[in-house]
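Chain identifiers are assigned alphabetically (A, B, ...) following the order of the sequence lines, protein sequences preceding nucleic acid strands; residue numbering begins at 1 within each chain.
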Protein chains: 2
Amino acid sequence: MYSAAVNVTVNTDAEGGPRAGTADRLVEATRDLLWERGYTGTSPRAIQQRAGAGQGSMYHHFAGKPELALAAITRTAGELRARADGLLSGPGTAVERVTAYLRRERDVLRGCPIGRLTQDPDVMADPVLRAPVEQTLGWLRGRLAEVLAEGRANGELPPSVDPSVTAATVVAVLQGGYVLARAAGDTDPFDQAVTGLITLLARPRPA
Amino acid sequence: MYSAAVNVTVNTDAEGGPRAGTADRLVEATRDLLWERGYTGTSPRAIQQRAGAGQGSMYHHFAGKPELALAAITRTAGELRARADGLLSGPGTAVERVTAYLRRERDVLRGCPIGRLTQDPDVMADPVLRAPVEQTLGWLRGRLAEVLAEGRANGELPPSVDPSVTAATVVAVLQGGYVLARAAGDTDPFDQAVTGLITLLARPRPA
DNA sequence: GTCTATACAAGGATAGAC
DNA sequence: GTCTATCCTTGTATAGAC
C-alpha cells in the first residue's frame, strides 16, 4: 500500500519550477502526463524523461507509478478546488459568481485534469487513486449548490431551481463542454455550452 | 494506411452474436474493450481472447490495432446516431423529443462510447480514427439544433434560446453527466444534471 | 540520492506451417 | 482461415555500485 504523504525535501522554490527538487519535478511531470495521456498511457520512463531524473532516482523518491500518481492527483485536486473556491466565495451576487466560475479562463482543449481520470479504468479501480477524484467533483457540486441556494433564497433564482440538481447541471456542462471541444478540435462548443446554460439560468422568472 | 471498409463474411446472424463470423466477433470485442478501457488500454491480445480468436486469425482479418479500432468506432458511431435520430425524429413536440432523448435509458456508469474516445490521445492524434468521433458529436449537435429551432419557431421555447448554442448545452450535460456519475460511482448525478437542464428548458416563458 | 545493470511480462506484429 | 513460432520494443521494477 502507498500513502498520501510524499516525502519532499523542504524547498523554497515554486513547486515544479526550474530549481525544484527531484521529487517535485517528478510529481509535476506526472501531473502533465496524466492530464495529457491518462494513467494507462503514462509510463515511468516517460515521467523520468520529462522530469530529467533517472530510473534509480524515481524509485528512490516513490515506490512506483501508483504512488507518484497519487501525489500528482492530490496536488492537482487541491489546485482545482482552491481556484474554484476563490471565485465562488468571491464578490458578487450568486448568479454572478457562478457565471464568473463558468467563464473563467480555462485550458479548454486540454480538458479537466480531474474529470479525465474518470475515464481511466485503472484509476477508478483503485480506491486510493479514485478517492480524490470522487471527493473533488463531489465538493464542487456541493459548493455550487450552496451558492445556488443563496441565489434562490434572495430571489435571484426561481424556486423551481433546485440547488443540488442545478449544481450537477452546471458541473456537467463544464465537463461535457470539454468533451465537445476536444471532439471538434475547437473551443467553440465549450463556449456555446456555457453560454446556453447561462442564458437559461439568467432568464428572468415568469411574473 | 487502413481504410474504413472491413471485409466481413456475409453472415445472416446478428452482429457479434454467438454464431457471428470471426471478423465480427473481433469487432465486437474491440468495441467492448474500447468502451471499457480506451484505445491505449486495449491490447490486441485482449481483443483476441475476448473474441475467442487466435493471433493469426486476427491479423488475417485486420491489418492491426488501428484498423480494428476504426471498424469498431464506425459501428458504434452508426448505432449511436441511429438511436438518437429515432427519438429526435419521433412523435411529440420539440421539447418532448429532446426530453425523451435526454431521458432515454442509458448505461450511465459505462459512459458514452464515443465521447470517451475524446480522452484518448492516440485516437485524437490519428485523423482517420478521430473523424468518426468528430462527425458523430457534430451531427448530434446539429440535429438537436434543428429540433430546438422547431421549438422556438412554434413558441415552445423563447427567442432567447439559441438553437445551436442550446444544442451544445444539451449534449454537454449528457457527456458531463457521465463524468459525474463515474466519479461518484452512482448514476444520481447524471439524472440530476439532466433534470436540472429539463427544468431550465421547460420553464414557462416570462409573460 | 543517483547511476547502471539486469529481469521478466506484455504490447504489437511478422513468418510460415497446416 | 487458423495455428504456432519468433521477434523486437516498452512497461515496470529490483539490485547493487558509487
Side-chain angles (χ1 to χ4, degrees), chain A residues 1-2 6-11 13 16 19-30 32-34 36-72 120-123 125-126 128-129, chain B residues 1-2 6-11 13 16 19-30 32-34 36-72 120-123 125-126 128-129:
Chain A
M1 180 55 85
Y2 44 96
V6 176
N7 302 321
V8 173
T9 306
V10 173
N11 182 339
D13 294 310
R19 294 209 31 193
T22 302
D24 260 338
R25 289 202 328 275
L26 284 164
V27 172
E28 288 303 309
T30 305
D32 281 357
L33 285 165
L34 285 182
E36 264 175 46
R37 311 212 22 100
Y39 185 82
T40 302
T42 295
S43 70
R45 278 229 241 279
I47 293 171
Q48 292 152 206
Q49 285 174 352
R50 187 169 299 216
Q55 193 93 317
S57 193
M58 184 190 122
Y59 283 102
H60 170 74
H61 291 287
F62 299 90
K65 180 171 158 175
E67 194 177 294
L68 251 171
L70 178 60
D120 238 306
D122 295 338
V123 169
D126 182 336
V128 175
L129 294 181
Chain B
M1 182 55 86
Y2 45 97
V6 176
N7 302 321
V8 174
T9 305
V10 172
N11 181 338
D13 295 309
R19 295 207 32 192
T22 301
D24 260 338
R25 290 204 325 278
L26 284 163
V27 172
E28 288 303 309
T30 305
D32 281 357
L33 286 165
L34 284 183
E36 266 175 43
R37 312 212 19 101
Y39 185 82
T40 303
T42 295
S43 70
R45 278 228 240 283
I47 293 170
Q48 292 152 208
Q49 285 174 353
R50 186 168 298 215
Q55 192 93 317
S57 195
M58 183 189 121
Y59 283 103
H60 169 74
H61 291 288
F62 298 91
K65 179 171 157 175
E67 194 177 292
L68 251 170
L70 179 60
D120 237 307
D122 295 338
V123 170
D126 181 335
V128 175
L129 294 180

Just verifying a value: how many Å separate A:Lys65 NZ and A:Leu70 CG, rounded to the nearest 0.5 Å? 14.0 Å
Between C:dG1 (P) and A:Leu26 (CG): distance, integer Å: 13 Å
Atom CG in A:Leu26, atom OH in A:Tyr59: separation rounded to 0.5 Å? 11.0 Å
Output the rounded distance in Å from CZ (B:Arg45) to C1' (C:dA10). 6 Å
Taking any heavy-atom pair under 4.0 Å as a contact, classify A:Thr42: base, sugar-phosphate, or nothing. sugar-phosphate
Nearest-Å distance, CE (A:Met58) to C1' (C:dC3)? 15 Å
Just N and O in the side chain of B:His60: are any of them under 4.0 Å from OP1 or OP2 of D:dC3? no
Report the distance from atom CG of B:Asp24 to atom C1' of D:dG1, rounded to the nearest whole Å. 15 Å
Quick one: which of D:dT2, C:dT2, C:dG12 gets closest to the side chain of B:His61? D:dT2
Could you give the OH-to-P distance, from B:Tyr59 to C:dA17, as a whole number of Å? 21 Å
Just call it for B:Gly54: base, sugar-phosphate, or nothing, with non-hydrogen atoms closer than 4.0 Å on any strand. sugar-phosphate
Whether the side chain of A:Thr30 engages the backbone of A:Leu68 through a donor-acceptor N/O pair (distance < 3.5 Å, no angle test) should be reported. no
Quick check on D:dT2: is either OP1 or OP2 less than 4.0 Å from any side-chain nitrogen or oxygen of B:Thr22? yes
Any side-chain to backbone donor/acceptor pair from B:Arg25 onto B:Ala51? Under 3.5 Å, distance only. yes
Kindly compute the distance separating OG1 (A:Thr22) from CE (A:Met58), expressed to the nearest 0.5 Å. 12.5 Å
Give the rounded distance in Å between these two atoms: CD of A:Gln48 and C1' of D:dT14. 13 Å
Separation of D:dT2 atom P from B:Arg25 atom CZ, nearest Å, is 8 Å
Among the nucleotides D:dT4, C:dG11, D:dT12, which one has an atom lying closest to any side-chain atom of A:Lys65? D:dT12
Measuring from the side chain of A:Ser57 (C-beta onward, heavy atoms only), which nucleotide among D:dT10, C:dT2, D:dT4 has the closest atom? C:dT2
Interatomic distance, B:Gln55 CD vs C:dA15 P [rounded to whole Å]: 14 Å
